[in-house]
Structure formats: structure tokens, C-alpha cells
A.B. asks: 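Here it is, the structure in full.
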Amino acid sequence: GKINISRDVDSKVMSIRKHAERKLLEELKYTTHLSLPAIMFRLCSVNHVNLARILSNHVAKDQGPQIWLQVPMVAPDCDRYEETSLPLKEQDSSWSWWNRFRLLGNMNSRMFVCLEMTESIPDEKTILRWLGEPLK
């Protein structure tokens with residue numbers, strides 16, 4: 001199954017955050033009820049602290065589906081249409097999104113990364129970095 005994180009569980013507005021958490025937990029319980037083998041979430045930035053906590057708690061019970069996290073192989077380059085001489089920061093890489101999420105999720109063995117092929121071809125260092133991860 002695929003769950004769309006249109007609900008903002010990492011919102012700074014507490015009422016939105018709490019409502020989104022309740023809805024996400026409801027969806028997670030339903031996927032367990034359906035006995036789905038895996039559910040997929042899409043990471044689009046480095047800021048998914050609360051989502052990592054919720055999913056880590058859900059899979060720590062050792063029940064329900066695996067968690068697959070869809071991450072682009074190369075982070076979108078927002079500055080590609082503008083001339084800039086600023087280098088890409090390490091925290092801007094999609095691997096760092098996954099790594100931070102994995103560490104926040106206590107490196108749970110039931111969380112996997114699902115790479116999304118992008119239009120940009122990564123350099124060899126990036127490819128080798130991804131090959132060391134539990135890919136799906």
C-alpha cells in the first residue's frame with residue numbers, strides 16, 4: 001500500500017499536527033488490519049522527525065507491514081534555473097534525508113529505502129553510497 005503524506009505530521013501548528021497524527025495512526029492500523037506486506041511513504045526533505053517517530057513506534061511492535069521510504073536518487077536541484085556559485089550542502093542530498101530518517105527511526109530493520117530514479121544521473125560517489133543501503 002502507499003500512504004500519501006498530505007497530512008502534515010511535522011507541522012509547526014499543534015492542532016494540525018495532532019489531527020494529522022491521529023489520521024496517520026488510523027491509516028497504519030488499517031494497513032495492519034488488511035495484512036499488507038509493506039507500505040510506502042515518500043520523503044521529500046530532511047524534515048520528517050515526527051513521521052520517523054510515529055513509524056518507528058509502529059514497527060517496533062513487531063507487527064504489521066514493512067515500511068518502504070521512497071527517496072529520489074538525487075535531490076531536486078531548485079537552483080538549476082538560476083546561476084549560483086554556492087556548493088551543494090551535504091544535508092541537501094537525498095541520501096542525508098534517508099540517513100537522518102533512519103537514525104531517528106532507531107535504524108529499525110523493518111524500514112527500507114526505495115530509490116526513485118531521477119532525470120539527473122548521480123556521480124559515482126553517490127551511487128556507491130546508495131549501494132550500501134537496504135534497497136527495495
A.B. asks: Between OG of Ser96 and CZ of Phe101, what distance do you get to the nearest 0.5 Å?
C.D. replies: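 The OG atom of Ser96 sits 14.0 Å away from the CZ atom of Phe101.
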A.B. asks: With a 4.5 Å heavy-atom cut-off, do Ile39 and Leu28 have their side chains touching?
C.D. replies: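 Yes, their side chains come closer than 4.5 Å.
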A.B. asks: Once you round to the nearest 0.5 Å, how far does CZ of Arg42 lie from CD of Glu116?
C.D. replies: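 If I round to the nearest 0.5 Å, the distance is 4.0 Å.
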A.B. asks: I want to check something: taking the side chain as every heavy atom from C-beta on, are Pro72 and Met117 in contact at a cut-off of under 4.5 Å?
C.D. replies: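 No. Closest side-chain heavy atoms not under 4.5 Å.
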A.B. asks: Does any non-hydrogen side-chain atom of Leu43 lie less than 4.5 Å from one of Gln70?
C.D. replies: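 Sidechains of Leu43 and Gln70: no contact.
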A.B. asks: If you apply the rule side-chain contact (heavy atoms from CB on, under 4.5 Å), what do you find for Glu26 with Glu21, and how did you get there?
C.D. replies: CA-CA 8 Å; Glu26 184 178 298; Glu21 284 181 25; over 6 Å; no
A.B. asks: Around atom CD1 of Ile121, are there more than 12 heavy atoms of other residues, nucleotides or ligands at under 6.0 Å?
C.D. replies: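 For Ile121, atom CD1 is not crowded (no more than 12 foreign heavy atoms under 6.0 Å).
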A.B. asks: Of the non-hydrogen atoms in Ile127 and Pro122, which two are nearest, and what is the gap between them?
C.D. replies: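 Minimum heavy-atom separation between Ile127 and Pro122: CG1-CG, 3.7 Å.
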A.B. asks: If two hydrophobic side chains count as joined below 4.5 Å and joins carry through other members, does Ile16 share a cluster with Leu24?
C.D. replies: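 Ile16 and Leu24: separate clusters.
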A.B. asks: Are the charged groups of Arg129 and Glu124 less than 4.0 angstrom apart, N to O?
C.D. replies: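 Salt bridge between Arg129 and Glu124, a charged N being under 4.0 Å from a carboxylate O: no.
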A.B. asks: What heavy-atom pair brings Trp98 and Met111 nearest, and what distance separates the two atoms?
C.D. replies: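 Minimum heavy-atom separation between Trp98 and Met111: CH2-O, 3.9 Å.
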A.B. asks: Does any non-hydrogen side-chain atom of Arg100 lie less than 4.5 Å from one of Val49?
C.D. replies: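 Yes, at least one pair of side-chain atoms sits under 4.5 Å.
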A.B. asks: Would Phe112 and Leu135 satisfy side-chain contact (heavy atoms from CB on, under 4.5 Å), going step by step from the backbone distance to the final call?
C.D. replies: CA-CA 6 Å; Phe112 299 91; Leu135 300 175; over 6 Å; no
A.B. asks: Hydrophobic clustering (ILVMFWY, side-chain heavy atoms < 4.5 Å, transitive) - are Leu115 and Phe41 grouped together?
C.D. replies: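 Yes, because Phe41 and Leu115 connect within a single hydrophobic cluster, where side-chain heavy atoms sit under 4.5 Å apart.
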A.B. asks: If you look at every heavy atom in Asp10 and Leu51, which pair is closest and at what distance?
C.D. replies: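 Looking at all heavy atoms of both residues, the closest pair is OD2-N, 3.6 Å.
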A.B. asks: Just by distance, no angles: are the side chains of Trp68 and Gln66 close enough, under 3.5 Å, to form a donor-acceptor pair?
C.D. replies: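 Distance-only check passes for Trp68 and Gln66.
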A.B. asks: Val46, Leu103: one ILVMFWY side-chain cluster at the under-4.5 Å cut-off?
C.D. replies: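 Each belongs to a different hydrophobic cluster.
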A.B. asks: Does some side-chain heavy atom of Val71 sit less than 4.5 Å from a side-chain heavy atom of Trp130?
C.D. replies: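 Trp130 reaches Val71 side chain to side chain.
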A.B. asks: Is the closest side-chain heavy-atom distance between Arg17 and Asn50 below 4.5 Å?
C.D. replies: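 When only atoms from C-beta onward are counted, Asn50 and Arg17 do touch, with a gap below 4.5 Å.
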A.B. asks: Assess whether side-chain contact (heavy atoms from CB on, under 4.5 Å) is satisfied between Cys114 and Met40, documenting all intermediate values.
C.D. replies: CA-CA 8 Å; Cys114 183; Met40 185 181 299; 3.9 Å; yes
A.B. asks: Flag the pair Trp95 / Glu133 as yes when at least one side-chain heavy-atom distance between them is below 4.5 Å, and no otherwise.
C.D. replies: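 Touching, per the 4.5 Å side-chain cut-off.
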A.B. asks: Between Asn106 (side chain only) and Asn108 (backbone N and O only), is there a donor and an acceptor less than 3.5 Å apart?
C.D. replies: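 No, the answer is negative, given that no donor and acceptor are paired below the 3.5 Å cut-off.
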A.B. asks: Report the C-alpha separation of Thr126 and Asp123 in whole Å, then their side-chain angles, then the decisive distance to 0.1 Å, and conclude whether the side-chain hydrogen bond (donor to acceptor under 3.5 Å, both in side chains) test is met.
C.D. replies: CA-CA 5 Å; Thr126 303; Asp123 59 1; 2.4 Å; yes
A.B. asks: Flag yes if Trp97 and Met107 sit in one hydrophobic cluster, no otherwise; membership is Ile, Leu, Val, Met, Phe, Trp, Tyr, and two members link when side-chain heavy atoms are under 4.5 Å apart.
C.D. replies: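 No; Met107 is not reachable from Trp97 via cluster members.
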A.B. asks: Is there a chain of hydrophobic side chains (I, L, V, M, F, W, Y, each step under 4.5 Å between heavy atoms) that links Leu25 to Leu104?
C.D. replies: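 Cluster IDs for Leu25 and Leu104 differ.
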A.B. asks: Take Glu27 and Arg22 through the test salt bridge (charged side-chain N to carboxylate O under 4.0 Å, His left out) and record every step on the way to the result.
C.D. replies: CA-CA 9 Å; Glu27 289 182 16; Arg22 281 193 306 273; over 6 Å; no
A.B. asks: Does the side chain of Pro65 reach to within under 4.5 Å of the side chain of Thr32, using non-hydrogen atoms?
C.D. replies: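 Side chain of Pro65 against side chain of Thr32, heavy atoms only: contact under 4.5 Å found.
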